[in-house]
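Every number for a ligand or one of its atoms is a count from 1 in the order of the listing. For reference, positions follow the sequence shown, starting with 1. This structure is a prediction, so every number in the text was calculated from the model and none was measured.
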Amino acid sequence: MNSTSIIQINHLKKSFGALKVLNDVEFHCDSGEVITIIGSSGSGKSTLLRCINLLETPDGGEILYHGKDILKGEINLNTHRSKVGMVFQSFNLFNNKTVLENCMIGQIKVLKRSKEEAKEKAMYYLRKVGMEAFANSSSIQLSGGQKQRVAIARALCMDPEVLLFDEPTSALDPEMVGDVLDVMKQLAEEGLTMIVVTHEMQFAHDISSRVIFMDKGIIAEQGTPQQIFENPQQERTKEFLQRYR
Ligand code: ADP
Ligand code: MG
């Protein structure tokens, strides 16, 4: 394990019934890395992210967060999920709350920040994602692209150490995808540690420090964007990438 690893995963296993979804996965994420995870639908990408965020309970293996196994002993889920934030394909905003309230609630409830402090932080990140003007709008009125930018701001408000993104643009109309990818690119350039499941290959090529190709519950191949996109070694990586040409 690298001394700067935030997350180190050893021998991770997860099945749903007879279906082995994660089959002895080894994975690590170091501070400052931008990791993209690519692979066919059903290969286990979401399950891997969901295990890291403790939305799924693995059947075996270890998930070390700063060297401590989060699958053992007492762990405060809300605190863990503020440090290891997640942005979902379906946004998961509170629809009955305003944009600003969405960005404040976790800060107040989990981080025990004052309303003033929470508001200041929320406005800072809403400005960053270009959604400041919508602070008092009801979330339900927003377009998908706007909702996703709010969801990213909400996650950033918790001062995460690493942010997980599960296909953040897959549910968006094509004209909204660019705005969300631009925000993510900016965050990557600023040094945020990110793990991103995506089918946007050009984006993955441009922002990643490391690309991971998953196939049938294992990490089949990983490397720099140049290695994976320009010189893949495995037949199944080549076949997968063919579909995007
Ligand atoms: P990916 O994100 O790569 O498309 P997933 O991790 O979502 O893959 O799913 C991997 C496999 O596990 C799929 O076959 C999916 O149907 C199955 N699966 C995922 N979640 C569940 C669940 N809660 N119950 C049963 N099967 C599931
Ligand atoms: Mg998925």
Side-chain angles (χ1 to χ4, degrees), residues 7-29 33-63 65 70-71 77 80-81 84-93 144-145 147-148 151-152 155 160 162-174 176-177 180-181 184 193-205 207-208 210-223 225 228-229 232 234-244:
I7 296 162
Q8 168 82 43
I9 289 180
N10 299 317
H11 303 298
L12 195 68
K13 295 189 183 73
K14 177 72 181 173
S15 295
F16 292 109
L19 184 69
K20 283 187 179 174
V21 176
L22 298 177
N23 198 356
D24 211 8
V25 169
E26 303 284 311
F27 172 89
H28 69 98
C29 174
E33 277 199 294
V34 177
I35 298 174
T36 51
I37 304 179
I38 60 173
S40 305
S41 174
S43 57
K45 306 179 301 294
S46 294
T47 304
L48 176 59
L49 285 196
R50 291 170 60 83
C51 285
I52 295 172
N53 199 246
L54 291 176
L55 286 165
E56 299 286 354
T57 308
D59 301 325
E62 292 179 326
I63 302 178
Y65 175 68
I70 59 170
L71 303 177
L77 281 179
H80 180 69
R81 288 180 191 149
V84 180
M86 185 140 166
V87 173
F88 299 89
Q89 185 176 334
S90 52
F91 330 121
N92 297 11
L93 295 180
K147 282 183 186 169
Q148 196 57 300
I152 293 170
V162 48
L163 210 44
L164 316 176
F165 295 82
D166 193 0
E167 297 198 31
T169 61
S170 292
L172 303 181
D173 292 334
M176 316 237 163
V177 170
V180 172
L181 295 182
M184 293 173 67
T193 308
M194 299 163 59
I195 306 173
V196 185
V197 172
T198 186
H199 291 285
E200 298 285 339
M201 295 300 149
Q202 185 61 49
F203 170 75
H205 181 279
I207 71 155
S208 307
R210 185 151 53 96
V211 180
I212 287 181
F213 171 61
M214 282 189 75
D215 186 48
K216 300 193 178 82
I218 63 161
I219 292 176
E221 185 167 355
Q222 59 179 305
I228 297 298
F229 291 114
Q234 306 271 343
E235 239 5 87
R236 45 188 168 172
T237 316
K238 292 178 197 168
E239 273 167 33
F240 173 77
L241 290 172
Q242 282 297 336
R243 291 183 233 153
Y244 290 89

Peer 1: Mind checking whether Phe16 has an N or O less than 3.5 Å away from an N or O of ligand 1?
Peer 2: no
Peer 1: Can Gly39 be said to touch ligand 1, with heavy atoms closer than 4.0 Å?
Peer 2: no
Peer 1: Once you restrict to heavy atoms under 4.0 Å, what part of Val21 touches ligand 1? Side chain, backbone, both or neither.
Peer 2: side chain
Peer 1: Within a distance under 4.0 Å of any heavy atom of Thr47, pick out the atoms of ligand 1 and give their elements.
Peer 2: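 Those qualifying, in numeric order: 5 (P), 6 (O), 9 (O).
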Peer 1: Looking at ligand 1, would Ser40 count as a contact under a 4.0 Å heavy-atom criterion?
Peer 2: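 Ser40: in contact with ligand 1 (<4.0 Å).
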Peer 1: Quick one: look at Val197 and ligand 1, take heavy-atom pairs under 4.0 Å, and tell me if it's side chain, backbone, both or neither.
Peer 2: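 Neither part.
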Peer 1: Would you confirm whether any non-hydrogen atom of the protein falls under 4.0 Å from atom 16 (O) of ligand 1?
Peer 2: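 Given the 4.0 Å cut-off, atom 16 (O) of ligand 1 does not count as touching protein heavy atoms.
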Peer 1: Could you tell me whether Lys13 and Asp59 have a side-chain N and a carboxylate O separated by less than 4.0 Å?
Peer 2: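 No, this pair does not count.
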Peer 1: Between Gln234 and Thr237, does the side chain to side chain donor-acceptor pair (under 3.5 Å) criterion hold? Intermediate values first, please.
Peer 2: CA-CA 5 Å; Gln234 306 271 343; Thr237 316; 5.7 Å; no
Peer 1: Are any of the N/O atoms on Leu19, whether in the backbone or the side chain, positioned under 3.5 angstrom from an N/O atom of ligand 1?
Peer 2: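 N/O-N/O distance under 3.5 Å: no.
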Peer 1: Under 4.0 Å between a Lys/Arg side-chain N and an Asp/Glu carboxylate O for Lys238 and Glu235?
Peer 2: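 Counted as a salt bridge, because a side-chain N and a carboxylate O are separated by less than 4.0 Å.
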Peer 1: Is there an N/O/S atom in Ser46 that lies less than 2.8 Å from the Mg ion (ligand 2)?
Peer 2: yes
Peer 1: If we count only non-hydrogen protein atoms and require a distance under 4.0 Å, does atom 25 (C) of ligand 1 qualify as touching the protein?
Peer 2: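 Under 4.0 Å from atom 25 (C) of ligand 1, at least one protein heavy atom found.
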Peer 1: Measuring from atom CE of Met214 to atom CD1 of Ile38, what distance do you get when rounded to the nearest 0.5 angstrom?
Peer 2: 11.5 Å
Peer 1: If you round to the nearest 0.5 Å, how far is OG of Ser90 from CG of Asp166?
Peer 2: 9.0 Å
Peer 1: Using distance alone, with no hydrogens and no angle criterion, decide if Glu26 and His11 have a side-chain donor and acceptor under 3.5 Å apart.
Peer 2: yes
Peer 1: To the nearest 0.5 Å, how far apart are CG in Leu55 and CZ in Phe88?
Peer 2: 5.0 Å
